Amino acid sequence: MTWQFTLTGLLIGGLVGLTGMGGGSLLTPILVILFGFKPTLAVGTDVLHGAVFKSFGAVRHRRLGTVHARLTFWMFLGSGPMSLLGVGLATWLKHRYGDGVQSVEAYAIGAALVLGGIGLVAKTLVKIGMQPDDAPFLLTRRDRWIAVAIGAVFGFIVGLTSVGSGTFFGLVMVLVYPLTISKIVGTDIFHAAALLWVAGVGHLVAGNVDLRAMFWLLLGSVPGVLLSSQLTLKVPERALRLGLASVLILSGVKLVNVPGADWIVLGGFVAGGIVFTVWGIHEVRGRREERRELAPDLPLH
């Protein structure tokens, strides 16, 4: 099973390239649900894969000047150590309770996914919190303490479940700091790469990483994120983020195993596929009409 991992990586890379988030939130449930990974192994593989994968995006954003380096530093002061604590707890639970802990961690991952999906909906639809400003943002002492606290809380969640390296940090930064969306995305990805390296090495030492699967995933995800940035047909950011939020919530419902979870997930994906297909047909027809109006005498290709 190699091309399946590469195809999965390509899809993950494309989504992250288009939306700026969703890699860890989607890959862990995919590894658990579709490939039969135990949750602990899925989390470790996902985290180390994300460290390598997001490093490409981090370098790119740093060169574009869309990274607030000092904010990244203060968040990392909290998230780095606490992510290791999360890794340590996950490993201890595995050794203490054996395979029984797998179901417990699956519930934890599922709950984190549902929360992440709800947070992404709020981030997309609710215009609250600090308003973005292009002016240079200088951190006060209060801002630094908030950054450390944000890093500590969500760094622990990332170490334990692999979920939240993008969604949670990005959501809180939108609400708390007056940064533009480009600065939030750049800072988020740069911080996520640093955080995931710490947690990923911890999982590797603990034996929670399938290196072979990670290699084949990277063969798809790295080109995927590069290719997605070159797409000419752009899906609206709001639609993508709402679609991603739906996937997160449905994946969480499946892992938590609520009554009728399989039918809920199936119905959600079918409905999403129908909506996306209808939207795509509408967009293609709209573009053709625009081309006819702009150049009525030119043949359409």
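Everything quoted here is computed from the prediction, not taken from an experiment.
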Can you see which heavy atom on [X] is nearest to which on [Y], and at what distance?
{"X": "Val47", "Y": "Gly200", "answer": "CG1-N, 3.3 Å"}
{"X": "Ile189", "Y": "Lys54", "answer": "CG2-O, 3.8 Å"}
{"X": "Leu195", "Y": "Ser79", "answer": "CD1-O, 3.4 Å"}
{"X": "Trp197", "Y": "Ala51", "answer": "NE1-O, 3.3 Å"}
{"X": "Phe56", "Y": "Val222", "answer": "CE1-CG2, 3.8 Å"}

Sole candidate of Ile33, Leu41, Thr40 that passes side-chain contact (heavy atoms from CB on, under 4.5 Å) when paired with Phe37: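 Passing option: Leu41.
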
Can you find a pair of side-chain heavy atoms, one from [X] and one from [Y], that are under 4.5 Å apart?
{"X": "His203", "Y": "Val43", "value": "yes"}
{"X": "Asp143", "Y": "Trp74", "value": "no"}
{"X": "Leu139", "Y": "His68", "value": "yes"}
{"X": "Leu217", "Y": "Asp46", "value": "no"}
{"X": "Phe35", "Y": "Gln4", "value": "yes"}
{"X": "Phe5", "Y": "Ile30", "value": "no"}
{"X": "Val198", "Y": "Phe76", "value": "yes"}
{"X": "Leu218", "Y": "Ser221", "value": "yes"}

Donor-acceptor contact below 3.5 Å, side chain Thr6 vs main chain Gly220: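 Checked: no pair found.
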
Do the side chain of Thr45 and the main chain of Ala42 share a donor and acceptor less than 3.5 angstrom apart?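 No.
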
Nearest 0.5 angstrom please: Leu48 CG to Leu211 CG, how far?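 Rounded to the nearest 0.5 Å, the CG-CG separation comes to 7.0 Å.
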
Should the heavy atoms of other residues, nucleotides or ligands under 6.0 Å from CZ of Arg62 be counted, would the total exceed 12?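 No, CZ of Arg62 has 12 or fewer neighbouring heavy atoms, counting only those of other groups under 6.0 Å.
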
Same apolar cluster: Phe154 and Leu196, side chain cutoff 4.5 Å: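 The answer is yes; both residues are in one hydrophobic cluster.
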
